[in-house]
Amino acid sequence: MNIAQHLALTLKTLRQQRGWSLSRLADETGVSKAMLGQIERNESSPTVATLWKIATGLNVPFSLFITPANGDETAFDPQQQAMVIKPVFPWDPALRVDHFAITLAPGALSESTPHEVGVIERVVAISGTLEMCIDGEWQSVNEGEGRQFAADRAHAYRNSSPQTVLFHSLIYYP
Ligand code: MN
């Protein structure tokens with residue numbers, strides 16, 4: 001099963017487990033019913049921002065959608081590879097943490113909608129200088145440095161450099 005098929009099946013399964021219609025899912029996630037239907041039928045691939053809205057509305061970890069159960073290496077690679085997200089570890093239900101390696105292409109900007117209430121995020125710049133907007137202020141995160149912040153509010157990631165930036169994002173669910 002490839003990542004797109006896995007994502008489509010996971011969404012449909014999670015929705016049906018809750019006994020929700022597509023309309024209810026649209027209400028809970030803020031993503032249109034038409035778009036959700038297309039994703040479930042694997043006719044459309046969501047952006048990172050859309051997938052975050054879906055994960056948040058369903059109250060499940062983001063990595064569920066991008067980590068096939070067979071453990072094959074995966075990369076969620078929407079649209080022009082501006083931002084590629086790979087799980088470093090699969091979702092750990094005991095630790096309640098997701099751990100991603102994320103690459104941002106030169107010039108890439110990713111705005112994150114707030115995660116669930118109480119979610120804490122850590123980012124660590126592995127290669128290159130990452131720029132982050134936390135509480136409305138842009139700041140540089142230099143290679144080897146980290147930031148920790150409450151992720152239940154809007155935040156954003158940006159790469160203003162001419163080189164690809166690699167960073168790790170660890171998402172702690174309460
Ligand atoms: Mn985030």
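We count ligands from 1, going down the list as the structure has it; atoms in each ligand are counted the same way.
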| task | Determine whether Glu143 and Ile126 make a side-chain contact, defined as any pair of heavy atoms from C-beta on separated by less than 4.5 Å. | result |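 A side-chain contact under 4.5 Å is absent here.
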| field | Tyr173 vs Asp98 side-chain heavy atoms within contact, under 4.5 Å | value |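 Yes, side chains in contact.
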| Minimum-distance atom from the Mn ion (ligand 1) among N, O or S atoms of His155 | NE2
| message | Looking only at N, O or S atoms, which one in Glu121 sits nearest to the Mn ion (ligand 1)? | response | OE1
| In terms of ring plane angle, is the pair Trp52 and His115 parallel, tilted or perpendicular, where the classes change at 30° and 60°? |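 Geometry flag for His115 against Trp52: tilted rings.
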| message | Looking only at the side chains, is there a donor atom on one of His155 and Glu111 sitting less than 3.5 Å from an acceptor on the other? | response |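 Checked: His155/Glu111 side chains show no N/O donor-acceptor pair below 3.5 Å.
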| task | Give a rough value, rounded to 10 degrees, for the angle at the Mn ion (ligand 1) between atoms OH of Tyr157 and NE2 of His115. | result | 170°
